[in-house]
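What you see is a predicted model, and the numbers here were worked out from it, not measured in a lab. In what follows, chains carry the letters A, B, and so on, assigned in the order in which the sequence lines appear, proteins first and then strands, with residues in each chain numbered from 1.
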Protein chains: 4
Amino acid sequence: MKKREVPASVKDERLVKKRRNQMIKGAISLFKQKGFHQTTTREIARASGFSIGTLYEYIRKKEDVLYLVCDRIYDEVRDRMEQAIDTTQGDLDGLKLAIAYYFRVVDELQDEVLVMYQEAKSLGKESLPYVLNKELQMVAMFEHILRRCVDNRVFSLTEQEIQLFAHNIFVLGQMWGFRRWALKKMYTLDEYIELQTKLLLEGIIKR
Amino acid sequence: MKKREVPASVKDERLVKKRRNQMIKGAISLFKQKGFHQTTTREIARASGFSIGTLYEYIRKKEDVLYLVCDRIYDEVRDRMEQAIDTTQGDLDGLKLAIAYYFRVVDELQDEVLVMYQEAKSLGKESLPYVLNKELQMVAMFEHILRRCVDNRVFSLTEQEIQLFAHNIFVLGQMWGFRRWALKKMYTLDEYIELQTKLLLEGIIKR
Amino acid sequence: MKKREVPASVKDERLVKKRRNQMIKGAISLFKQKGFHQTTTREIARASGFSIGTLYEYIRKKEDVLYLVCDRIYDEVRDRMEQAIDTTQGDLDGLKLAIAYYFRVVDELQDEVLVMYQEAKSLGKESLPYVLNKELQMVAMFEHILRRCVDNRVFSLTEQEIQLFAHNIFVLGQMWGFRRWALKKMYTLDEYIELQTKLLLEGIIKR
Amino acid sequence: MKKREVPASVKDERLVKKRRNQMIKGAISLFKQKGFHQTTTREIARASGFSIGTLYEYIRKKEDVLYLVCDRIYDEVRDRMEQAIDTTQGDLDGLKLAIAYYFRVVDELQDEVLVMYQEAKSLGKESLPYVLNKELQMVAMFEHILRRCVDNRVFSLTEQEIQLFAHNIFVLGQMWGFRRWALKKMYTLDEYIELQTKLLLEGIIKR
DNA sequence: CATGAATGAGCCTTCATTCAT
DNA sequence: GATGAATGAAGGCTCATTCAT
């Protein structure tokens with residue numbers, strides 16, 4: 001799936017990158033507080049450090065900002081994951097590390113993840129599939145790790161189970177972000193990681 | 001936490017109930033399609049079968065509609081659960097049934113659940129805590145079941161683990177609603193229930 | 001060619017008619033001064049005696065106002081002509097009267113005619129053909145009179161000449177409106193009518 | 001009436017002339033398609049082959065472009081007329097030739113004439129009188145020819161009739177441009193010239 | 001109680017114009 | 001001289017809310 005390019009009036013690629021960085025940063029902080037729909041383009045411009053006119057030199061429609069934000073967040077999450085995680089190892093510790101690291105990334109980028117999580121649905125039909133696809137790529141990372149473990153007979157799972165388990169890891173990671181109003185009262189991040197890892201891997205049934 | 005009452009200009013309680021039912025039904029179908037912010041009050045009125053003027057006889061602000069909708073959905077989900085599930089039994093089959101039944105309710109009310117799930121955040125500071133509290137009550141239902149199982153030594157979990165596990169059940173149930181774009185390609189509802197139950201209870205580690 | 005209906009949100013047909021009359025009157029006076037593009041919707045609303053919100057209860061787009069204005073002006077001109085002129089008589093005096101009367105109508109509605117004349121081109125592809133068609137209907141009125149004269153052997157013209165002559169009358173009438181900056185310095189309306197009639201009918205060549 | 005000079009920041013007169021030629025050419029083609037108001041300065045710059053910054057080195061306001069365009073078109077029309085027509089001859093064939101030639105010029109420059117015709121009214125109070133004056137000069141050309149004919153007793157007209165007839169020629173020439181949507185269906189240019197000449201000179205009354 | 005016309009704050013977006021490089 | 005990024009006033013339009021009937 002090819003990247004959806006948001007056209008800018010400004011030619012200088014360097015500048016476009018810089019301004020969009022300002023924009024994304026400003027927008028995330030606003031979306032976090034008030035959500036996409038409640039945030040006005042003027043607020044985005046001001047938070048980005050330039051005028052409304054300038055904002056529209058770098059996007060065409062308000063929705064482009066949201067797309068840019070979502071796009072960026074996923075890239076950020078994935079970059080961090082890819083830098084830290086070896087998906088090919090295929091042992092239990094590798095899996096645990098991946099889960100722990102993913103949970104930590106979510107924690108670190110909790111505002112960003114929350115924003116994307118809550119606002120992505122406001123993307124139009126043009127952008128949504130692309131963002132959803134990025135999500136699947138993240139899930140696929142976990143699938144890959146799991147598959148390698150199964151290959152190595154660390155545990156035994158059907159393909160269906162692998163995919164579902166990968167989704168579970170992904171969603172339970174996000175959960176730390178989108179349910180922090182409940183979870184932070186009960187756990188530290190480390191506790192959360194430890195407990196979730198345990199529950200995920202061992203289940204609850206005494207055997 | 002006491003119920004937040006939405007004041008109506010109309011006095012006849014019977015009528016208020018009837019009109020609000022129309023309203024909630026109309027609003028859900030609209031929110032489902034276009035989200036809360038994209039839906040206008042006029043559309044809500046029309047979908048409810050009365051005029052914009054009448055709509056405002058039964059609410060004060062547009063947000064009240066959202067609150068009413070969220071409130072109703074939770075009641076619906078909880079009513080169904082309470083009708084079907086005995087939370088005091090405390091054996092493994094009871095837990096499995098509760099999970100299965102909850103998942104089925106989510107499936108049945110998937111549009112409603114999705115709406116609430118995606119739009120609840122648009123509630124103002126006045127209503128949000130109340131809705132969040134309802135969510136915790138649902139989670140508490142699972143906590144209660146789990147706690148009874150632990151009491152009965154069906155399995156052994158710390159209080160922290162109980163709470164987290166309950167959250168996991170709750171969120172993984174919702175996941176069937178909010179990630180159906182991905183999950184329905186891979187599983188039927190029955191498969192989903194069976195696999196999730198297995199993964200949740202047994203984990204993945206070969207022991 | 002069917003009338004292009006401009007949809008209104010307001011249901012009461014009586015009210016729609018009344019409000020649109022206010023609107024057309026206000027808009028003409030503004031378009032006269034500043035032209036369509038230089039006139040803002042807010043100005044139109046104010047000149048019509050209601051708010052911007054109300055304006056948009058009776059039109060969908062700014063261009064609708066222009067269409068309504070053009071439509072009205074043509075109806076006005078034609079109504080007046082049809083009330084006063086008998087197109088079936090077919091004698092020279094009848095033709096002269098028609099020309100004179102048309103010129104007087106243009107003079108009376110000179111602001112309106114000027115507006116329509118200058119701004120009609122701003123109509124979109126949807127409305128323009130309809131307005132152009134109305135213009136042709138006016139021309140056709142003169143064609144009809146001329147044709148009757150030819151039938152009565154008042155003078156002899158080919159069909160091509162009839163049509164062109166009708167266009168000439170029409171445009172030379174409008175000319176009194178759109179070139180008044182030059183013509184009013186030289187002629188009164190009566191003089192203009194007399195002279196144009198003479199030139200049109202007799203030409204200039206001494207025979 | 002002295003020429004209204006549009007000030008340029010650039011000193012080099014040669015360059016100013018060259019750039020403005022590019023500008024006028026680009027602008028006419030745009031105004032033709034979309035009208036003055038719908039055309040943006042950026043589009044004019046692009047169509048002229050230089051940047052928006054450069055455009056403003058050669059004009060002060062967008063309206064200057066329109067003035068320059070109108071000014072140029074009139075010069076163009078008049079130059080062509082003056083090159084071909086001898087206004088002093090004073091016989092019937094000279095008049096016929098002048099009319100025919102004028103109509104041909106209008107046909108050749110029909111886009112330009114249409115633009116000027118439709119957009120001139122958008123000129124501000126500063127420029128409009130000047131352009132209107134140019135128009136009168138064109139009319140005066142016909143007056144002059146007519147006056148010479150009257151002097152030569154080719155036909156007999158009062159001064160008032162001369163002026164009106166000159167206006168008629170001028171407007172009926174333009175009519176070929178601004179009513180081509182109707183006229184081209186009925187006549188070729190040659191037919192139009194022939195018929196109009198006949199109607200203008202001979203009138204329609206059988207004598 | 002029901003209706004729907006009226007309101008106007010406020011939103012997104014455009015674009016003429018400027019000015020530092 | 002040329003460029004094009006930056007600006008912000010202003011425009012078209014929407015929609016939550018009110019209130020007279």
Side-chain angles (χ1 to χ4, degrees), chain A residues 8-12 15-16 18-19 37-45 49-63 65, chain B residues 8-12 15-16 19 37-46 49-65, chain C residues 8-12 15-16 18-19 37-46 49-65, chain D residues 8-12 15-16 19 37-46 49-65:
Chain A
S9 304
V10 171
K11 302 292 171 65
D12 183 342
L15 194 53
V16 171
K18 180 183 154 195
R19 292 277 180 261
H37 283 109
Q38 312 282 20
T39 303
T40 70
T41 52
R42 281 178 155 77
E43 287 171 325
I44 296 171
F50 38 70
S51 71
I52 181 67
T54 299
L55 179 68
Y56 276 87
E57 293 283 307
Y58 295 93
I59 55 163
R60 288 166 317 164
K61 314 186 330 345
K62 187 188 177 193
E63 201 204 287
V65 180
Chain B
S9 307
V10 172
K11 300 298 168 195
D12 182 343
L15 192 52
V16 171
R19 292 277 182 256
H37 283 108
Q38 313 282 20
T39 302
T40 69
T41 51
R42 283 172 142 84
E43 287 171 323
I44 295 170
R46 199 177 320 127
F50 38 72
S51 72
I52 181 67
T54 301
L55 180 69
Y56 274 86
E57 295 286 317
Y58 297 92
I59 56 163
R60 288 165 318 160
K61 305 157 54 258
K62 186 188 177 191
E63 203 204 287
D64 288 343
V65 180
Chain C
S9 305
V10 171
K11 300 291 171 63
D12 183 342
L15 193 53
V16 171
K18 180 182 155 197
R19 292 278 179 258
H37 282 110
Q38 312 283 20
T39 302
T40 69
T41 51
R42 283 175 157 80
E43 287 171 324
I44 296 172
R46 198 177 320 127
F50 37 70
S51 72
I52 180 66
T54 300
L55 180 69
Y56 276 89
E57 293 282 309
Y58 296 93
I59 57 165
R60 288 165 316 164
K61 314 188 331 339
K62 187 188 177 192
E63 202 204 288
D64 288 343
V65 179
Chain D
S9 307
V10 173
K11 301 296 167 192
D12 182 343
L15 193 52
V16 171
R19 291 278 182 255
H37 283 109
Q38 314 282 21
T39 303
T40 69
T41 51
R42 284 173 141 84
E43 287 171 322
I44 296 171
R46 197 177 321 128
F50 39 73
S51 72
I52 181 68
T54 301
L55 180 70
Y56 274 86
E57 296 287 316
Y58 296 94
I59 56 163
R60 289 165 317 161
K61 306 157 50 262
K62 186 189 177 191
E63 201 203 290
D64 288 344
V65 180

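Taking 4.0 angstrom as the limit, C:R19 places none of its side-chain polar atoms (N or O) nearer than this to OP1 or OP2 of E:dA5. Applying the 4.0 Å criterion to OP1 and OP2 of F:dA5, one finds that A:Y58 has every side-chain N and O outside that range. Distances shorter than 4.0 Å separate none of the side-chain N or O atoms of B:S51 from OP1 or OP2 on E:dA2. For E:dC11, the OP1/OP2 oxygens have no side-chain nitrogen or oxygen of A:T40 closer than 4.0 Å. The shortest distance between the side-chain N/O atoms of A:K11 and the OP1/OP2 oxygens of F:dG4 is not below 4.0 Å.
Residues satisfying the side-chain hydrogen bond (donor to acceptor under 3.5 Å, both in side chains) test with A:S9, not counting sequence neighbours, are none. With sequence neighbours left out, D:E43 forms a salt bridge (Lys or Arg N to Asp or Glu O under 4.0 Å) with D:K34. C:R46 is linked by a salt bridge (Lys or Arg N to Asp or Glu O under 4.0 Å) to nothing, counting only residues two or more places apart in sequence or in another chain. Remark: C:T41 engages no residue in a side-chain hydrogen bond (donor to acceptor under 3.5 Å, both in side chains) (not counting sequence neighbours). In this structure D:E57 satisfies the salt bridge (Lys or Arg N to Asp or Glu O under 4.0 Å) test with no other residue, sequence neighbours excluded. For A:T54, the side-chain hydrogen bond (donor to acceptor under 3.5 Å, both in side chains) partners are A:S51, not counting sequence neighbours. Residues forming a side-chain hydrogen bond (donor to acceptor under 3.5 Å, both in side chains) with C:R42 (at least two apart in sequence, or on another chain): none.
Distance C:F50 CZ to E:dA6 C1': 11 Å, rounded to the nearest Å. Remark: P of F:dA2 and CZ of D:R46 are 19 Å apart, rounded to the nearest angstrom. Separating the CZ atom of D:R60 from the P atom of E:dA16 is a distance of 16 Å, rounded to the nearest angstrom. Taking atom CG of residue A:L55 and atom P of nucleotide E:dT13, one finds them 9 Å apart after rounding to whole Å. As rounded to whole Å, 16 Å separates atom C1' of F:dA16 from atom NE2 of A:H37. A:E43 places its CD atom 15 Å from the P atom of E:dT13, with the value rounded to the nearest Å. Following rounding to the nearest Å, D:I52 (CD1) and F:dG1 (P) show an atom-to-atom distance of 19 Å. Per the geometry, CG belonging to D:D64 stands 12 Å off C1' belonging to E:dT17, to the nearest Å.
Between D:K62 and B:G49, the residue anchored nearer the 5' end of DNA chain E, judged by the nucleotide with its closest heavy atom, is B:G49. Both C:K61 and A:D12 sit near DNA chain F, but only A:D12 has its closest nucleotide nearer the 5' end.
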Which nucleotides of DNA chain E pair, in dot-bracket form (Watson-Crick or G-U under 3.5 Å, | meaning another strand): .||||||||||||||||||||
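With a 6.0 Å radius and a threshold of 12 heavy atoms from other residues, nucleotides or ligands, A:K18 has its NZ atom at or below the threshold.
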Would you tabulate the nitrogen or oxygen pairs shorter than 3.5 Å linking the protein to nucleotides 19-21 of chain F?
none

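Here the closest non-hydrogen pair linking D:A8 and D:V16 is CB-CG2, 4.1 Å.
On a pure distance criterion of 3.5 Å, a polar donor-acceptor pair joins the side chain of C:R42 and the base of E:dG10.
At least one side-chain heavy atom of C:I59 sits under 4.5 Å from a side-chain heavy atom of C:L55.
Among the atoms of the strands shown, only primed sugar atoms or phosphate atoms (P, OP1, OP2) are found under 4.0 Å from some heavy atom of A:S9. Using a 4.0 Å heavy-atom cutoff across all strands shown, C:T54 reaches at least one base atom of the nucleic acid.
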